[in-house]
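So that the names make sense, note that chain A is the first sequence line, chain B the second, and so on, each numbered from 1. Being a predicted model, the structure only gives us computed values, none of them experimental.
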Protein chains: 2
Amino acid sequence: MAATRLDQIDRKILAELQADGRMTNVELAKRVGISAPPCLRRVRTLEEAGYIRGYHAKVDARELGFEVQVFAMVGLQSQAEADLSKFEQRCRDWPLVRECHMLNGEVDFILKCVAPDLSTFQNFLTEELTAAENVASVKTSLVIRGAKDEPGVPFDVLEDRLARNA
Amino acid sequence: MAATRLDQIDRKILAELQADGRMTNVELAKRVGISAPPCLRRVRTLEEAGYIRGYHAKVDARELGFEVQVFAMVGLQSQAEADLSKFEQRCRDWPLVRECHMLNGEVDFILKCVAPDLSTFQNFLTEELTAAENVASVKTSLVIRGAKDEPGVPFDVLEDRLARNA
DNA sequence: CGTTTATTGAAATATTATTGCGCGCGACTG
DNA sequence: CAGTCGCGCGCAATAATATTTCAATAAACG
């Protein structure tokens with residue numbers, strides 16, 4: 001794995017920034033056990049190498065009036081690469097679709113969507129998603145409640161793994 | 001909606017920090033059109049009010065050797081609240097499970113999981129998830145590739161909406 | 001209207017980010 | 001092995017940013 005290119009300090013940096021993306025560099029340096037300048041240099045390197053894709057505030061959608069979250073399983077008629085790409089591009093253009101993943105199995109894509117209310121989503125569903133070219137089937141499930149939401153990497157698992165391989 | 005309590009500047013702040021969680025406060029202030037001190041106060045207020053749930057670096061799981069991502073649909077035997085909670089707690093304890101959402105419909109939960117490789121995931125699947133108390137059925141789908149991944153709020157939709165209601 | 005309350009922005013101060021540079025350590029070489 | 005090269009560290013100095021303080025302004029209210 002590419003993680004081999006990283007030493008323990010780099011991984012600690014990633015873990016800390018994943019947990020708190022606004023941590024100051026001095027605090028980060030203190031936690032990983034080096035001084036501020038090399039710490040900052042490492043962060044920049046990790047960013048440029050693509051280990052860090054960006055930093056984002058986690059904004060509570062429900063608090064902002066997006067009370068509906070839906071997972072949609074989408075099946076297409078054609079799975080030719082050109083058609084897959086076309087569908088993916090449409091997902092990128094739909095603001096209500098926040099995530100789009102291509103899957104194996106009977107379903108081709110899973111979409112995570114948000115909407116201010118059910119009628120807005122239903123409108124999107126019938127007018128846009130189901131109606132879109134090449135879409136064969138759509139099954140949706142409303143999110144009743146969220147129990148865990150920590151996208152990213154389980155660094156404890158990673159460290160266990162590296163320790164075992166060492 | 002609770003977004004009514006926020007003015008346009010607050011919403012702009014949220015949008016900017018969602019897009020770039022490490023933006024400096026002076027840059028943020030410049031973009032939203034006020035000076036730095038009140039801008040910082042607004043950010044703190046938004047954090048305390050729960051509009052901002054935290055800040056996180058988006059770490060690339062695949063780059064770190066987590067090459068497998070899986071969605072798992074889980075059905076339980078009992079949907080009594082106590083049993084639902086128990087299952088949710090288990091999900092929180094499993095490091096490979098990064099997200100857990102309760103759904104309506106035939107499936108009770110959808111889980112987003114990561115693993116270093118397929119065998120690690122299959123081991124988790126058979127030894128932990130499927131074997132867990134009260135779990136009736138599990139269907140999994142491997143993520144072939146990701147096409148969009150922007151969790152959060154579509155602020156353009158929100159602004160449209162507010163403009164229409166005004 | 002006068003008062004209260006909330007929010008602002010300028011200025012001052014404290015922290016933090018960033019750059020420049022010399023040092024030490026390990027690896028490669030003759 | 002000694003010499004030297006290259007990498008990465010930390011110290012110190014500087015630039016930028018965050019944060020507090022405070023007086024002024026504008027809206028809200030009686």
Side-chain angles (χ1 to χ4, degrees), chain A residues 1-60 63-65 155 158-159 162-163 165-166, chain B residues 1-60 63-65 155 158-159 162-163 165-166:
Chain A
M1 70 184 73
T4 309
R5 299 172 165 279
L6 305 179
D7 63 15
Q8 203 171 353
I9 294 179
D10 289 316
R11 295 193 302 270
K12 191 87 191 298
I13 287 174
L14 292 173
E16 293 289 346
L17 287 179
Q18 177 173 275
D20 178 5
R22 275 201 87 119
M23 187 179 299
T24 66
N25 183 59
V26 294
E27 173 67 17
L28 181 60
K30 199 180 306 171
R31 293 198 187 194
V32 304
I34 60 179
S35 65
C39 184
L40 187 61
R41 279 190 293 262
R42 278 167 180 262
V43 171
R44 298 279 181 258
T45 302
L46 290 168
E47 289 169 355
E48 281 160 24
Y51 290 97
I52 297 177
R53 289 308 218 209
Y55 302 88
H56 304 280
K58 192 168 167 185
V59 176
D60 190 309
E63 287 286 324
L64 280 177
F155 280 97
L158 178 57
E159 293 301 334
L162 294 174
N165 288 3
Chain B
M1 71 183 72
T4 309
R5 298 172 167 278
L6 303 179
D7 63 16
Q8 202 171 354
I9 294 179
D10 289 317
R11 295 193 302 271
K12 191 87 192 297
I13 287 174
L14 291 174
E16 293 290 347
L17 287 180
Q18 177 173 276
D20 178 4
R22 274 198 87 111
M23 187 179 298
T24 66
N25 183 58
V26 295
E27 173 66 18
L28 181 60
K30 199 181 307 171
R31 293 198 188 194
V32 304
I34 60 179
S35 64
C39 184
L40 187 61
R41 277 191 297 262
R42 278 167 181 263
V43 172
R44 298 279 181 257
T45 302
L46 291 168
E47 290 169 355
E48 281 160 24
Y51 289 97
I52 297 176
R53 290 309 213 204
Y55 303 87
H56 304 280
K58 192 167 168 184
V59 177
D60 190 308
E63 287 286 324
L64 280 176
F155 280 97
L158 177 57
E159 293 300 334
L162 293 174
N165 289 2

So does [Y] get a backbone contact from the side chain of [X], meaning a donor-acceptor N/O pair under 3.5 Å?
X: A/H56; Y: B/Q18; result: yes
X: A/R22; Y: B/G54; result: no
X: A/R11; Y: A/L6; result: yes

Please report the distance, rounded to the nearest Å, between [atom1] in [X] and [atom2] in [N].
X: A/I13; N: D/dC9; atom1: CD1; atom2: C1'; result: 13 Å
X: A/L6; N: D/dG8; atom1: CG; atom2: C1'; result: 16 Å
X: A/I9; N: D/dG8; atom1: CD1; atom2: C1'; result: 10 Å

Spatial distance of atom OG1 (A/T24) from atom CG (A/L40) [nearest 0.5 Å]: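 Output value for this atom pair is 11.0 Å.
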For B/E16, check side chain to side chain donor-acceptor pair (under 3.5 Å) against everything at least two apart and list the hits.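 Side chain to side chain donor-acceptor pair (under 3.5 Å) check on B/E16 returns B/R31.
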Heavy-atom contacts under 4.0 Å between residues 22-46 of chain A and DNA chain D, which residues?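 Heavy-atom contacts with DNA chain D come from A/I34, A/S35, A/P37, A/P38, A/R41, A/R42.
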